[in-house]
Amino acid sequence: MKKINDPMYGLISIRNLMVQKLIDHPYFQRLRYISQTGLAHLVYPGAQHTRFHHALGALNLMQRAVETLRMKKISITHEEEQGVYIAILLHDIGHGPFSHVLEKSIVVGTHHEDLSRIFIRHLNKTFSSALDLAQEMFEGRYPKKFLCQLISSQLDMDRMDYLQRDSFYTGVAEGAVSADRLISMLNVSDNELVFEINGLPSIENFLISRMFMYWQVYLHKTSLGAERLLIHIFRRAKERIISGDLIEASICLMHFLKKEQPTRITSFDEDDLRYFVMLDDTDVWQAIKQWQYASDRTLSLMSQMLINRKLLKVKISERSFSKIFVEEKIYQVEKILQVPQGKYFVYQEKIENLVYHPKKNPIKLLMKNGDIRDILDKSSFLKNKNICNPMSKYYLCYLKG
């Protein structure tokens, strides 16, 4: 049995040999070098934790969940136990550099879960089909629906860990949730995951905490501005490389930047996988440090801004900014910086936060008389908070001064 010391949970025991082998695999070790919260450390200096931390934390919570359900006489075989552990351990293995930030910049039109699926299938071949059950559970195809819901639902082990962990490392106390309490309230009814009614206050706190974390951390305006800047740096670098400029980057990063046709999930092949598994945050930082001195002024200025944290000003609005206002900002940038590509320094985006989807895997409560009720039927607090309504805002990034 391997033990790993976690700053939040203390010692995490790894009791499954197959899980240990996967943790030691290079695909998983790569997660040590991929930040959990993108560029949030530019706002919250403590947010230096990685996807490696999070994956182990989610595994720890899954182990507790399995123990809890077994104590309540829910049948989970040893094979299913191993499968659900592997699925949660590998749920984020497809993340690229800075997690979500460059998700659509390296492999276009895809989500990290699509790449995680490819990774899991590849590992399944490597380990002679030992991941068959895990693959079914990850893809939501396994007959025991509650096991799939522990991996992916509106209140799963993934969300329980990242809310606690991101709150812990950023210092945003409003994001703290009680995973112990939530897990103790787990149960199963009619093959679906439910929470005992006594856990309702903890579920309400979980959803409100998630809302706070999105507005204060994940959608913080400074983080958003920095992330958009990084995306535009990549876009400009790719343009210049394709045009023939001698712009340097690591071999794995250059593999994706030099392609005239963007890499898509539908054409993702063994060669793409080989280079993608080599990619992490260090490749990007190394490239941006070099691009500070690029002959292309636009690429050079953007790279300097990110490295030195001289970020764009970000303005938030409930309504879209007018075309005239945006064009005026672009003109100002081109005049001040003396660059013909002002669009790289001025951009408008829409952000949306939906805390709880009432129809997508709704959270269900087990009443004391055995009835099953939707959480919104029993929580007037969540109804009053409009937790089911999408909250939208617009933000505009532009040059200060």
Side-chain angles (χ1 to χ4, degrees), residues 1-14 16-42 44-63 85-103 105-107 112-113 115-120 122-123 126-127 131 134 138 157-158 160-170 217-218 223 227 230 249-253 255-256 273-289:
M1 181 169 62
K2 180 182 288 187
K3 290 184 180 290
I4 300 172
N5 201 351
D6 183 82
M8 283 172 34
Y9 305 130
L11 291 177
I12 298 175
S13 298
I14 312 298
N16 183 284
L17 182 59
M18 190 68 232
V19 169
Q20 288 186 28
K21 288 180 180 179
L22 289 167
I23 290 173
D24 292 336
H25 194 277
Y27 286 7
F28 190 79
Q29 289 295 313
R30 163 183 166 273
L31 298 181
R32 289 181 182 273
Y33 313 106
I34 294 178
S35 58
Q36 167 75 8
T37 51
L39 294 171
H41 68 276
L42 295 178
Y44 302 101
Q48 299 282 358
H49 55 306
T50 66
R51 287 283 157 184
F52 186 86
H53 292 112
H54 165 57
L56 292 176
L59 170 66
N60 178 60
L61 296 185
M62 185 65 81
Q63 291 179 161
Y85 290 167
I86 292 172
I88 197 65
L89 181 75
L90 303 180
H91 77 282
D92 275 346
I93 201 168
H95 269 297
F98 298 103
S99 294
H100 295 283
V101 181
L102 295 175
E103 196 162 77
S105 298
I106 295 174
V107 183
H112 74 272
E113 288 183 358
L115 288 167
S116 292
R117 192 173 291 111
I118 291 174
F119 272 68
I120 292 172
H122 197 272
L123 286 168
T126 302
F127 289 99
L131 278 64
F138 179 81
M157 301 305 108
D158 171 29
M160 278 191 207
D161 181 80
Y162 79 62
L163 282 179
Q164 282 191 105
R165 192 166 297 277
D166 297 348
S167 169
F168 177 85
Y169 280 96
T170 58
V217 178
Y218 311 130
S223 292
E227 289 170 2
L230 177 56
S250 67
I251 186 173
C252 51
L253 185 55
H255 171 80
F256 295 98
L273 179 64
R274 182 166 62 90
Y275 284 109
F276 190 86
V277 298
M278 296 165 61
L279 268 178
D280 57 47
D281 294 6
T282 58
D283 294 282
V284 176
W285 282 126
Q286 179 195 29
I288 294 173
K289 284 182 177 180

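- With contacts defined as side-chain heavy-atom distances shorter than 4.5 Å, the pair Q164/M8 qualifies.
- With values rounded to the nearest 0.5 angstrom, D280 atom CG is found 6.0 Å from I34 atom CD1.
- We find the CD1-CG distance between I14 and L56 to be 6.0 Å, quoted to the nearest 0.5 Å.
- S35 contributes atom OG, which lies 10.0 Å from atom NE2 of H100 (distance to the nearest 0.5 angstrom).
- Closest approach of T170 to S167, counting heavy atoms only: OG1-O, 3.4 Å.
- Under the side chain to side chain contact (heavy atoms under 4.5 Å, CB included) rule, K2 has a single partner from V19, I12, D24, which is D24.
- Side chains of M278 and D283 form no contact here, defined as non-hydrogen atoms less than 4.5 Å apart.
- A donor-acceptor contact under 3.5 angstrom links the side chains of D166 and H49, judged on distance only.
- Closest heavy-atom contact between L61 and M160: CD1-CB, 3.7 Å.
- Heavy atoms of other residues, nucleotides or ligands lying less than 6.0 angstrom from CG of L11 number more than 12.
- Not one N or O on the side chain of R117 forms a donor-acceptor pair closer than 3.5 Å with the backbone of F138.
- Rounded to the nearest 0.5 Å, atoms CG (L89) and CD1 (I86) are 8.0 Å apart.
- Aromatic rings from F52 and F28 are positioned such that their centres are separated by under 6.0 Å.
- A donor-acceptor pair under 3.5 Å is formed between the side chain of S116 and the backbone N or O of H91.
- In terms of modelled atom types and a separation under 3.5 Å, the side chain of Q29 and the main chain of I23 share a donor-acceptor contact.
- Closest approach of R30 to I93, counting heavy atoms only: NH1-O, 3.2 Å.
- Rounding to the nearest 0.5 Å gives a distance of 6.0 Å between CD1 of I106 and CZ of F276.
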- request: Evaluate the side chain to side chain contact (heavy atoms under 4.5 Å, CB included) criterion for residues N60 and I4: first the C-alpha distance (whole Å), next the side-chain angles of each, then the deciding distance (0.1 Å), finally the verdict.
  value: CA-CA 10 Å; N60 178 60; I4 300 172; over 6 Å; no
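- Using a 4.0 Å cut-off between charged nitrogen and carboxylate oxygen, D281 and R51 do not count as a salt-bridge pair.
- Here the shortest heavy-atom pairing between E227 and T37 reads OE2-O, 4.4 Å.
- You'll find the side chain of L123 stays beyond 4.5 Å of the side chain of K21, heavy atoms only.
- A donor atom on one side chain and an acceptor atom on the other are found under 3.5 Å apart for D92 and H112.
- For Y9 against R165, the heavy-atom pair with the smallest separation is CE1-NH2, 3.4 Å.
- Using modelled atom types, one finds a donor on one side chain and an acceptor on the other under 3.5 Å when comparing H122 with Y27.
- Looking at every heavy atom in both residues, S223 comes nearest to A40 through OG-CA, 3.6 Å.
- From L22, atom CG reaches atom CZ of F127 across 5.0 Å, with rounding to the nearest 0.5 Å.
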Side chain to side chain contact (heavy atoms under 4.5 Å, CB included) between L131 and M18, worked out: CA-CA 9 Å; L131 278 64; M18 190 68 232; 4.2 Å; yes
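- The main-chain N or O of Y33 is never found under 3.5 Å from a side-chain atom of T50 such that the two would form a donor-acceptor pair.
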